[in-house]
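Computed from a predicted model, the values in this text were never measured in an experiment.
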Amino acid sequence: MSSTAGQVIKCRAAVAWEAGKPLVIEEVEVAPPQANEVRIKILFNALCHSDVYFWEAKGQTPLFPRIFGHEAGGLVESVGEGVTELKPGDHVLPCFTGECGDCRHCNSEESNLCETLRFNTDRGVMLNDGKTRFSKNGQPIYHFVGTSTFSEYTVVHVGCVAKINPAAPLDKVCVLSCGVSTGMGATLNVAKPEKGQAVAVFGLGTVGLAACEGARMAGAGRIIGVDLNPDRFNEAKKFGVTDFVNPKDHDKPVQEVIAEMTDGGVDRAVECTGSFQAMIQAFECVHDGWGVAVLVGVPGNNDAFKTHPMNFLNERTLKGTAFGNYKPRTDIPTQVEKYMKKELEVEKFITHSVPFSEINKAFDYMLKGESIRCIIRMDA
């Protein structure tokens, strides 16, 4: 039992008071965990584009004040009633989606969309009582996707906490709790390219590069990276990208360009931008008869996907995935073990590091397209 168990903890948190405004380091109060909850001391964060996207509140439901952050690693500080699988001191990765272990989805090998704990970007409170665990001077501060890791301490549902090997470096493996696993899993678990096949990846941010890495690991013969930023191509080569296509360089739809490059279309395509236009392009660039396109990016609330029904009748397949079809508590510890056995690289995704006091620099790097993943050191 930790010395702070059952007590309110005062700590630093980066609070977003308004959409798009710089985060403010505040002293906040973090309530003890209730039933089936865990309070975690966060040691490292990695900034994900989803944090930036919902902080900007473009095309999504704004909810402020809020503590963002969902890609992190830390130590269990205390546990609530009914939590038996975790104890203080355990090394953990909080995850934005959960695994209750009891519902139809959790008991299905085909789904990771837990009925109770699937990711919800609109909910800013805990499931247990519909209240927040964060406050400042009595004012509630909302949670983000059940994690809110831009705080030195946070409270998370036990079903959203993956217990990992304590020997694993948290400043490295924290990136496996969202972006890297999402992209890699989209390719390896959902698109499933066969050795020698051609794969197109739309968007070369962290998730897209992880999708490319998954294609490389699967033995793809050709990996085509599609992005509007030509500066990303050299970096993408480290992840197996063999060809780069910038839609702005062509006077025809990019799906036609890719079809011409690949004798009718790629075998697999993975969309990692959230742009509904890119989603359509990814689907329409796969080969008829066997082509599979996988959607990963999060669209805006009012976006619509439109394509001709003949694209389906000609035996193209369209799939979607959340978190690369990984179950967080079951599969993420296995991903960490693969890293420990040098079967999985994560260091090449990490390009920057900043102290917590300079967290807004991480946002700047992301907005300028300068970083893949920026690690935020919570002790500085």
Side-chain angles (χ1 to χ4, degrees), residues 46 48-54 59-61 68-72 93-124 127 143-149 156-157 159-162 174-192 201-203 205-215 268-276 278-279 282-283 292-301 303-305 317-335:
C48 174
H49 188 266
S50 295
D51 293 308
V52 177
Y53 183 61
F54 286 94
Q60 301 292 339
T61 305
F68 288 97
H70 65 281
E71 193 171 293
L93 303 182
C95 297
F96 68 94
T97 190
E99 181 183 353
C100 73
D102 297 322
C103 70
R104 291 175 299 169
H105 286 271
C106 287
N107 289 316
S108 167
E109 294 183 359
E110 299 182 43
S111 175
N112 67 340
L113 297 175
C114 176
E115 290 180 9
T116 303
L117 300 171
R118 72 174 61 184
F119 68 100
N120 183 323
T121 58
D122 293 335
R123 186 174 61 234
L127 285 172
H143 296 248
F144 177 62
V145 293
T147 53
S148 292
T149 58
V156 181
H157 191 286
C160 299
V161 182
C174 65
V175 301
L176 293 172
S177 64
C178 181
V180 172
S181 294
T182 295
M184 203 172 288
T187 303
L188 293 173
N189 299 337
V190 187
K192 298 180 180 178
V201 176
F202 287 71
T206 303
V207 176
L209 292 175
C212 294
E213 180 73 358
R268 303 289 186 265
V270 184
E271 182 284 322
C272 304
T273 69
S275 160
F276 72 91
M279 294 177 182
F283 176 57
V292 177
V294 179
L295 307 185
V296 182
V298 179
N301 283 346
D303 289 344
F305 183 98
T317 299
L318 180 65
K319 295 184 175 184
T321 179
F323 198 35
N325 273 37
Y326 288 117
K327 295 179 187 287
R329 291 203 290 176
T330 299
D331 296 327
I332 296 309
T334 303
Q335 289 293 93

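Annotation for Leu113 and Ser111: closest pair N-OG, 3.0 Å, computed over non-hydrogen atoms. When all heavy atoms are compared, the tightest approach of Leu117 to Cys100 is CD1-N, 4.0 Å. In this structure, Asn112 and Tyr326 approach most closely via the heavy-atom pair ND2-O, 2.8 Å. Of all non-hydrogen atoms in Phe202 and Ala282, the two that sit nearest each other are CE1-CA, 3.5 Å. Residue Cys178 comes nearest to Cys48 through the heavy atom pair SG-SG, 3.9 Å, listed as atom of the first residue, atom of the second, then distance. Minimum interatomic distance between Pro94 and Ala72 (heavy atoms only, all atoms of both residues): CD-O, 3.3 Å.
Expressed to the nearest 0.5 Å, how far NZ of Lys327 lies from OG1 of Thr97 amounts to 10.0 Å. Between the SG atom in Cys114 and the CZ atom in Phe119 there is a gap of 12.5 Å [rounded to 0.5 Å]. Atoms CD1 and OG, on Ile332 and Ser181 in that order, are 3.5 Å from each other to the nearest 0.5 Å. The structure places CZ of Arg104 at 13.0 Å from CD of Glu110, a figure rounded to the nearest 0.5 Å. Atom CD of Glu115 is separated from atom CG of Asn107 by 9.5 Å, given to the nearest 0.5 angstrom.
Panel note: side chain Glu99, backbone Cys106; no donor-acceptor pair is recorded below 3.5 Å. Side chain of Gln335 to backbone of Leu176: no donor-acceptor contact under 3.5 angstrom is found. At distances below 3.5 Å, not a single donor-acceptor pair connects side-chain atoms of Asn325 with backbone N or O atoms of Ala186. In this structure, Asn189 contributes its side chain and Gly324 its backbone to a donor-acceptor pair below 3.5 Å. For Thr149 (side chain) and Gly69 (main-chain N/O), a donor-acceptor pair under 3.5 Å exists by modelled atom type.
In this pair, Phe144 and Phe54 present their aromatic rings tilted. The plane angle is within the 30 to 60° band. A parallel orientation is assigned to the rings of Tyr53 and His49, their planes being inclined by less than 30° (bins at 30° and 60°).
Looking only at atom types and distance, the side chain of Thr147 has no donor-acceptor partner in the side chain of His70 under 3.5 Å away.
Applying the salt bridge (charged side-chain N to carboxylate O under 4.0 Å, His left out) test to Glu213 and every residue at least two apart in sequence or in another chain returns Arg216, Lys348. Judged as a side chain to side chain donor-acceptor pair (under 3.5 Å), and not counting sequence neighbours, Thr116 has no contacts. Residues that satisfy the side chain to side chain donor-acceptor pair (under 3.5 Å) test with Asp331, not counting sequence neighbours, are absent from this structure.
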- List the steps and the verdict of side-chain contact (heavy atoms from CB on, under 4.5 Å) for Val175 and Glu71. CA-CA 6 Å; Val175 301; Glu71 193 171 293; 3.8 Å; yes
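A 4.5 Å side-chain heavy-atom check between Phe283 and Phe305 finds at least one atom pair inside the cut-off. Side-chain contact between Thr317 and Lys319: present, with at least one pair of heavy atoms (C-beta onward) separated by less than 4.5 Å.
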